[in-house]
Amino acid sequence: MKKKLFLTYVLIILFISSIAGFFSIHLYSGFYREEFKNHLLKESDILSDIIREDANDVTEEYFDNFVDIYSKKLGWRVTVIDSKGNVLGDSDAEKSQMENHLDRKEVQSALKGKQSVEIRYSSSIGAEYMYSASPVEINGEIIIIRLSVPLISLHDMQRKIMGYIIAGIIIAAGMSFIYAYFLSDKISKPIDELTKAAREISEGRYSKRIVIKNSNDQIGELTNSFNYMSERLTETINALENENIKLESILNSLMNGVIAVDNNNNILMINSVFREFFKLPEDVIGKNFYDVVRNESLYSIMEEVQEKNHYVADEVWFKAVMEETKILRIYAAPISGKNCGTENIGNLIVFQDVTQIRKLEQMRSDFVSNVTHELKTPLTSIMGFADTLKEGAIDDKDTALKFIDIIEIESKRLFRLIQDILSLSEIETRKEDINQEYFDISEIIESVCQVLKPQADNKNIELIISVDKNLPKFKCNRDRISQMMINLIENGIKYTEKGSVRISCKKTGKYIEINVKDTGIGIPEESKERIFERFYRVDKGRSRKAGGTGLGLSIVKHIVFLYNGKLWVESKMGKGSKFVILLPFEQ
Ligand code: ADP
C-alpha cells in the first residue's frame, strides 16, 4: 500500500516536474532571446542617435574610431555600412577586405527604413551570429549601423538558465519525494492498520480496536467508524453467542434427542442426547443427515414428513450392537419458515427414549394381571365353600367346620396378600422412609426371632442368632426393618425341612451386614435373580401351601433400596440359601 502510494506520488511529481521544466525552459529561452533582440535594437538606436549628433564631424576615420569605441563598450561587433553595401567601418575585420554587404537581409530591411534582427552564419567570422541593423540619415545619405553578437553567448546564457531550472526542479522533486514518502506513510499506516484489523475481525477476533494519532481527517473518521462498527459487532456477536449458548444449553438439557435438517437434509442443529444415542461424531453440523445417521427407521420417518409436509409420530425399536433394545418415540415435523418469508426451511426430528416407560407399563399390567390372578384363587375358594355350606353342608357339623377352616385360611391369605400389596406400593412410592429413629438392629432381630420362634419350633427348626456387640445404631423405621427380617426369616423357616436358620449381624466397613442362612431346599441358579420379582415363585404349589404371597422378597428388595443398601443371595440346591443384606449407616 505504502509502496504503491509512494510510487504514484513519484510518478505524479516526475510528470509535473517534466512538464513544468519543459515549459519553463521553453518560455525562458524564448523570453531571453526576445529580450536580447530588443536590447540589440535599443543599442543600435542609441548608436544611431550618437552618429546623428556627430553628423557634421563625420569623416572616414570617424567610423573606424566609432566602431572601435562602441565595440569595446558593448562587447559586440559594430559595423557601419553605406547605402550601397560598402563597409565604412568594422570593429572585428579590416573594412577594405570586407565584401559588399548589400545582399544581407538586415541591410536590405534597413535600407527600406526598418530596423530588423537576423540570425545567420557569418562566413567572415565562422560562427552563428545575431545581427541588428538600424538606418541613420546623415547629410542626406542613409548609412546603416549594424551590431552583431555571436549566438554562442546567447546559447551559453540559455544553457545556464536551463541548468538553474533543472537544478530547481531536481531539488523541488527531491523534497517532494521526501514529503511524498512521509505522506504515503501517514496515509498508508492507518489504512494498513484498518486492513489488518478488518482481517482479524474476519477471522473472529471481534474485539480488535485501532488507535490512530492526530486523527482529525477522514482517516481518523474512518477509524472511529471502524472502531464503533467493531464494538457493535462485538456486542451483536456476544449477544448472538449468548443466545446460541442458551439455546444449546436448553437443547442439551433436554432428555429428548433433537436434530434439525435443512431442505437439502444438511444438519442445522443437533443436541448431545441425539449425538450420544446414535454415536455420532462431534462435528456433524452442515453434513448430510443420510451420510451421518445410519438408521432406516429415521430415514423412513424423515421421508414421510417430507412427503406429507405434516407432523408424523411413530414408535420404533432400536438395537445397537452389544446393547439392549431401546424403544424410541419419534416425532417429526416440518420447520415452518414463516419468519424467514419462505414455506419450510427444513425438518425437525425429536425422539424420546420410552424404554423405561414401556417397561414400567408392562410391569404394571403384569402386576395387575398377577394381582387379579392371586386374588381370584382364594376368592374362588371362599365363594365355593360358602356356596357349598349354603347348599346344605352347613348341617353336617364336621364338614361345616372343615369348610369354615378353609374359608378362614383363604381369607387370611387374602388379607396377607392385600397387606403385602399395600406395603409394596407404599415402599415403592417413597424416596425416603417415614418415622425414622436410631435403633439397635440386633434388638430388632431378637424381637422378630421371638415372634417367629413358635413357627420354627413347629417345624423343629432351630433359630440361631449371632449378633456383634457394639453395632452402630441404625437410623430407620423400626416396622420396616422388622418386616424385612420377618420376610427373610419366615422364608428360611418355610423352605427348610430340617436344620436351622442362622441370623447374623455385624459391621462391615461402612455397612451393617445382615445374613439369613438356612439349611433348606436351596434356589436354582436361574431363579436367583428372579426371586426378587413380584409374584415370582420357584415352586408355586409349595409357596401357596406354605401360605406365601410371592411378594415377600420383592418387599425386602424395596426396603433395602429405600435405605440405599445392597442385597443378594448365595444358594446351593439341597444345601441351603444365604441372603446377604448390606445397609449403609451414618458414620
Ligand atoms: P413367597 O411368598 O412365595 O415365599 P417370596 O417373595 O418371599 O414369596 O419368595 C419368592 C420365592 O423365592 C419363593 O416362592 C421361593 O420359591 C423362593 N425362596 C424365597 N426364600 C427362599 C429360601 N430361603 N429358600 C429357598 N427358596 C426360597
Side-chain angles (χ1 to χ4, degrees), residues 1-47 69-79 91-92 105-106 115-134 145-193 212-220:
M1 167 79 195
K2 185 179 163 186
K3 213 168 146 191
K4 241 185 197 172
L5 211 60
F6 179 64
L7 272 175
T8 314
Y9 280 137
V10 166
L11 283 176
I12 292 171
I13 292 165
L14 284 177
F15 182 69
I16 293 173
S17 313
S18 312
I19 290 181
F22 174 78
F23 281 110
S24 312
I25 289 167
H26 195 73
L27 209 73
Y28 269 102
S29 301
F31 178 74
Y32 189 73
R33 186 183 281 245
E34 250 347 272
E35 277 295 291
F36 200 76
K37 255 188 202 173
N38 293 338
H39 186 42
L40 216 58
L41 289 172
K42 234 179 238 161
E43 287 301 334
S44 49
D45 269 353
I46 294 167
L47 292 189
I69 292 165
Y70 289 104
S71 168
K72 272 187 196 119
K73 273 190 180 169
L74 295 170
W76 298 335
R77 181 182 176 186
V78 182
T79 313
S91 59
D92 288 15
K105 266 189 179 174
E106 71 276 7
Q115 268 190 324
S116 75
V117 174
E118 285 299 325
I119 292 171
R120 185 175 73 244
Y121 186 79
S122 162
S123 48
S124 50
I125 305 293
E128 206 175 24
Y129 269 71
M130 182 183 268
Y131 299 98
S132 75
S134 303
I145 311 292
R146 193 181 79 162
L147 295 177
S148 0
V149 186
L151 270 183
I152 203 148
S153 61
L154 182 70
H155 288 328
D156 274 353
M157 193 49 85
Q158 276 181 334
R159 229 170 273 130
K160 247 185 204 168
I161 291 170
M162 211 149 77
Y164 280 125
I165 291 173
I166 289 171
I169 285 171
I170 288 172
I171 292 168
M175 281 164 72
S176 303
F177 288 163
I178 295 169
Y179 180 69
Y181 179 82
F182 287 111
L183 191 67
S184 49
D185 189 61
K186 201 182 166 207
I187 294 173
S188 67
K189 212 171 169 182
I191 292 176
D192 280 349
E193 290 252 344
I212 302 278
K213 287 171 213 152
N214 308 327
S215 54
N216 296 326
D217 51 8
Q218 276 103 326
I219 290 186

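The analysis underlying the following values was restricted to heavy atoms, covering all of them including side chains, and did not include hydrogens, waters or symmetry mates.
For S148 (side chain) and M130 (main-chain N/O), no donor-acceptor pair under 3.5 Å exists by modelled atom type.
With sequence neighbours left out, D156 forms a side chain to side chain contact (heavy atoms under 4.5 Å, CB included) with R159. For Y70, the ring-ring contact (aromatic ring centres under 6.0 Å, His included) partners two or more places apart in sequence, or in a different chain, are F66. Considering only residues two or more places apart in sequence or on other chains, T79 meets the side-chain hydrogen bond (donor to acceptor under 3.5 Å, both in side chains) condition with D90. Remark: R120 engages R104, E106, E118, Y131, R146 in a side chain to side chain contact (heavy atoms under 4.5 Å, CB included) (not counting sequence neighbours). Taking the side chain to side chain contact (heavy atoms under 4.5 Å, CB included) definition, one finds that I12 meets it with T8, I16, sequence neighbours left out. Taking the salt bridge (charged side-chain N to carboxylate O under 4.0 Å, His left out) definition, one finds that E34 meets it with K37, sequence neighbours left out. I19 is linked by a side chain to side chain contact (heavy atoms under 4.5 Å, CB included) to F15, F23, counting only residues two or more places apart in sequence or in another chain.
Applying the side-chain hydrogen bond (donor to acceptor under 3.5 Å, both in side chains) definition to pairs two or more places apart or across chains, none involves residues 10-27. Applying the salt bridge (charged side-chain N to carboxylate O under 4.0 Å, His left out) definition to pairs two or more places apart or across chains, none involves residues 17-29. Listed by first and then second residue, the salt bridge (charged side-chain N to carboxylate O under 4.0 Å, His left out) pairs that reach into residues 7-21 come to none, sequence neighbours excluded. Within the structure, side-chain hydrogen bond (donor to acceptor under 3.5 Å, both in side chains) contacts touching residues 171-181 (residues at least two apart or in different chains) are K2-Y181.
Between the CZ atom in F22 and the CG atom in L27 there is a gap of 11.0 Å [rounded to 0.5 Å]. Atoms CD and CH2, from E43 and W76 in turn, are 5.0 Å apart once rounded to the nearest 0.5 Å. Here the CD1 atom belonging to I145 is positioned 12.5 Å from the CD1 atom belonging to I46, to the nearest 0.5 angstrom. The CG atom of L74 lies 11.5 Å from the CD1 atom of I69; values are rounded to the nearest 0.5 Å. The line from NZ of K72 to OG of S91 is 9.5 Å long, rounded to the nearest 0.5 Å.
Contact detail for S134 and Q115: the closest heavy-atom pair is OG-NE2, 2.9 Å. In plain terms, the two heavy atoms of Y9 and A180 that are nearest each other are CB-CB, 3.5 Å. The shortest non-hydrogen separation linking S132 to V117 is CB-CG2, 4.1 Å. In terms of heavy-atom proximity, L147 sits nearest to S44 at CD1-N, 3.5 Å.
Enclosure of atom CZ in F177 by more than 12 non-hydrogen atoms of other residues, nucleotides or ligands within 6.0 angstrom is indicated.
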Tell me which donor-acceptor pairs under 3.5 Å the side chains of residues 161-169 have, and how far apart each pair is, sequence neighbours excluded?
none

